[in-house]
Peer 1: 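I am attaching a structure below and will ask some questions about it afterwards.
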Amino acid sequence: MSRLARAAIAFVAVALLATPVCALADVPVTVQFDGSGNFNATNMPGTESQTTATLALDWTSVFDATIAQDGTITPTGLGTLTKGPGTFSFADPSFSVSCSGPAPVAAFASPPSLTVNGSSITVQSVTAFDSDGSSGGYASCQGTAPGGGLPFDGSGEAASNVGTIDPSLPDALSATVQLPSPLTGPVTLPVTNANAPAQVPPSCADQFGDDACNMSLSWSGTVTVTPACATVSFSDGGAMPVGSTVAIGQTVSTGKGQRLELTTADGAVVRIGPESQVVCQAGPFVAGKRAITIKLILGEIWAAVSD
């Protein structure tokens, strides 16, 4: 059984307290991993054959998951690399090669993943760079051979030098963090390469036979976990699309002729009229229930809640 409550005065808050059954429903969460830094590899340092490869890293990976009442997070699919992973530069002075561009990801690279171990989560970014030149991303790495001045294609050499980081992936560009418990709202945790499950070794000589090769990696960033407050279950007139996630603290607005229906994380339904504005707020679990508040800033809302 349900009752219909109407509010049409600004600054009215509709508090929705679900039944214990609804409170047990998992709440959608978004996990975002942002990072930037530098990778450097120098092969044959201090010789005429010295080559250098760098990666100016800058990435964002996003994951969808759910969080249970006990705070357990469960991934609901693979992640997406929405930005990056950055740019590369390569130089081989002996063959007059100097090139740079967007760092190409390997065609076989798997999507980044989110793994969970209790309240500890591990997030990935890029999982593999192109290390054989098959992507064509190193096509600009052209030079001339010493002596005769014949054209020299350095794309494969550039790929193998940039790819010296690949044996350390995805762990070296991942982060493991401990989430607070309980998670009652968005949380942003700082991370660095010290939070990675594995580190890049100082030497890459084994990748080039007996040649000397040094490499290093340093990065920093954040892992942000944002529990959902509600999802859009009905939309009319060009408002937010159905299925959109409304985060805790997010303001939702409708324009002229637009209507929305939000289904809150605790299972209640709120309808928002045209030219209205609300804020979705969530509290902690109390006595087996989680309090959800839809605060009306402007316009009209109707809320159907369980008795």
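If you're wondering where the values come from, they're calculated on a predicted model, not measured in any experiment. The residues of the chain are indexed from 1 along the displayed sequence.
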Peer 1: Tell me, with the steps shown, if F88 and Y138 meet ring pair (Phe, Tyr, Trp, His ring centres under 6.0 Å).
Peer 2: CA-CA 9 Å; F88 82 92; Y138 303 100; 4.8 Å; yes
Peer 1: Counting N and O atoms only, with roles assigned by atom type, does the side chain of Q199 sit under 3.5 Å from a partner on the main chain of N193, one being a donor and the other an acceptor?
Peer 2: yes
Peer 1: Report yes if some heavy atom in the side chain of T42 is under 4.5 Å from a heavy atom in the side chain of C213; otherwise report no.
Peer 2: no
Peer 1: Considering non-hydrogen atoms only, spot the tightest contact between S235 and V242 and give its length.
Peer 2: N-CG2, 3.8 Å
Peer 1: Taking it one step at a time, do I121 and V225 satisfy side-chain contact (heavy atoms from CB on, under 4.5 Å)?
Peer 2: CA-CA 10 Å; I121 65 171; V225 181; 4.3 Å; yes
Peer 1: Taking all atoms of both residues into account, what is the closest heavy-atom pair of A65 and T76, and its distance?
Peer 2: N-OG1, 3.6 Å
Peer 1: Answer yes or no: is there a side-chain heavy-atom contact under 4.5 Å between P112 and F63?
Peer 2: yes
Peer 1: Please name the residue in the list L217, V126, I165 that meets the side-chain contact (heavy atoms from CB on, under 4.5 Å) test with L55.
Peer 2: I165
Peer 1: Treating T127 as the side-chain partner and S110 as the backbone partner, does any N or O pair qualify as donor plus acceptor under 3.5 Å?
Peer 2: yes
Peer 1: A158 and C141: which non-hydrogen atoms are nearest, and at how many Å?
Peer 2: CB-SG, 3.7 Å
Peer 1: Once you round to the nearest 0.5 Å, how far does OG of S134 lie from CZ of F108?
Peer 2: 8.0 Å
Peer 1: Under 4.5 Å between side-chain heavy atoms, counting indirect links through other Ile/Leu/Val/Met/Phe/Trp/Tyr residues: same cluster for V62 and L179 or not?
Peer 2: no
Peer 1: Kindly indicate whether the side chain of Q250, heavy atoms from C-beta on, has any atom under 4.5 Å from the side chain of V279.
Peer 2: no
Peer 1: How many angstroms lie between CH2 in W59 and CH2 in W219, if you round to the nearest 0.5 Å?
Peer 2: 5.0 Å
Peer 1: Report whether V105 and F33 are members of the same hydrophobic cluster (ILVMFWY, side-chain heavy atoms less than 4.5 Å apart, transitive linking).
Peer 2: yes
Peer 1: So, do P201 and S168 sit near enough that their side-chain heavy atoms are less than 4.5 Å apart?
Peer 2: yes
Peer 1: With sequence neighbours excluded, give me every salt bridge (charged side-chain N to carboxylate O under 4.0 Å, His left out) pair touching residues 83-106.
Peer 2: D58-K83
Peer 1: Would you sort out whether T60 and D34 count as a side-chain hydrogen bond (donor to acceptor under 3.5 Å, both in side chains), showing the intermediate values?
Peer 2: CA-CA 4 Å; T60 297; D34 297 287; 2.6 Å; yes
Peer 1: Step by step, work out the side-chain contact (heavy atoms from CB on, under 4.5 Å) result for L262 and I272.
Peer 2: CA-CA 8 Å; L262 301 181; I272 305 170; 3.7 Å; yes
Peer 1: I'd like to check F129 versus P85 (side-chain heavy atoms, cut-off strictly below 4.5 Å). Are they in contact?
Peer 2: yes
Peer 1: As an exercise, state the distance from OG of S125 to CG of L81, rounded to the nearest 0.5 Å.
Peer 2: 7.0 Å
Peer 1: Would T188 and T224 count as having a side-chain donor-acceptor pair, cut-off 3.5 Å?
Peer 2: yes
Peer 1: Taking all atoms of both residues into account, what is the closest heavy-atom pair of S94 and E48, and its distance?
Peer 2: CB-O, 3.5 Å
Peer 1: Does A268 offer a backbone N or O that forms a donor-acceptor pair with the side chain of T264 under 3.5 Å?
Peer 2: yes
Peer 1: How close do T164 and P167 get, counting heavy atoms only, and between which atoms?
Peer 2: O-CD, 3.4 Å
Peer 1: If only atom types and distance count, is the side chain of Q258 paired as donor or acceptor with the main-chain N or O of G238 below 3.5 Å?
Peer 2: yes
Peer 1: Just do the side-chain contact (heavy atoms from CB on, under 4.5 Å) check on V31 and V123 with the steps written out, would you?
Peer 2: CA-CA 8 Å; V31 180; V123 289; 3.8 Å; yes
Peer 1: Closest approach of G136 and D130, non-hydrogen atoms and distance?
Peer 2: N-OD2, 4.3 Å
Peer 1: Could you go step by step and tell me if T52 and F90 meet the side-chain contact (heavy atoms from CB on, under 4.5 Å) rule?
Peer 2: CA-CA 6 Å; T52 57; F90 172 74; over 6 Å; no
Peer 1: Can you tell me if N195 uses its side chain to pair, donor with acceptor, with the backbone of T192 under 3.5 Å?
Peer 2: yes
Peer 1: Using modelled atom types and a 3.5 Å cut-off, is there a donor and acceptor pairing between side-chain atoms of T144 and backbone atoms of P151?
Peer 2: no
Peer 1: Is any side-chain heavy atom of T254 less than 4.5 Å from a side-chain heavy atom of R259?
Peer 2: no
Peer 1: How long is the span from the CG atom in N161 to the CE atom in M215, to the nearest 0.5 Å?
Peer 2: 11.5 Å
Peer 1: Taking only residues at least two apart or on different chains, which pairs with a member in residues 187-207 satisfy salt bridge (charged side-chain N to carboxylate O under 4.0 Å, His left out)?
Peer 2: none
Peer 1: Could you tell me whether a side-chain N or O of S61 sits under 3.5 Å from a main-chain N or O of T80, the two making a donor and an acceptor?
Peer 2: no
Peer 1: Between Q178 and S119, do the side chains contain a donor N or O and an acceptor N or O under 3.5 Å apart?
Peer 2: yes
Peer 1: Membership question, hydrophobic clusters at under 4.5 Å side-chain separation (ILVMFWY): are V191 and V187 in the same one?
Peer 2: yes
Peer 1: So, Q142 versus D153: side-chain donor-acceptor pair below 3.5 Å or not?
Peer 2: yes
Peer 1: Supply the atom-to-atom distance S174 OG to Q124 CD, rounded to the nearest 0.5 angstrom.
Peer 2: 4.5 Å
Peer 1: Would you say the side-chain atoms of E300 and S276 include a donor-acceptor pair closer than 3.5 Å?
Peer 2: no
Peer 1: Please check if the side chain of Q277 supplies one atom and the backbone of S253 the other of a donor-acceptor pair under 3.5 Å.
Peer 2: no
Peer 1: Can any side-chain N or O of E261 pair as donor or acceptor with the backbone N or O of R271 at less than 3.5 Å?
Peer 2: no
Peer 1: Decide side-chain hydrogen bond (donor to acceptor under 3.5 Å, both in side chains) for N40 and T54; before the verdict, give the C-alpha distance in whole Å, the side-chain angles of both, and the deciding distance to 0.1 Å.
Peer 2: CA-CA 4 Å; N40 300 278; T54 64; 5.0 Å; no
Peer 1: Strictly distance-based, threshold 3.5 Å: is any side-chain N or O of T293 a donor or acceptor partner for the main-chain N or O of K295?
Peer 2: no
Peer 1: Do F208 and M44 have side chains that approach each other closer than 4.5 Å (heavy atoms only, starting at C-beta)?
Peer 2: no
Peer 1: Rounded to the nearest 0.5 Å, what's the gap from CD1 on I73 to CG on L114? Could you check?
Peer 2: 7.0 Å
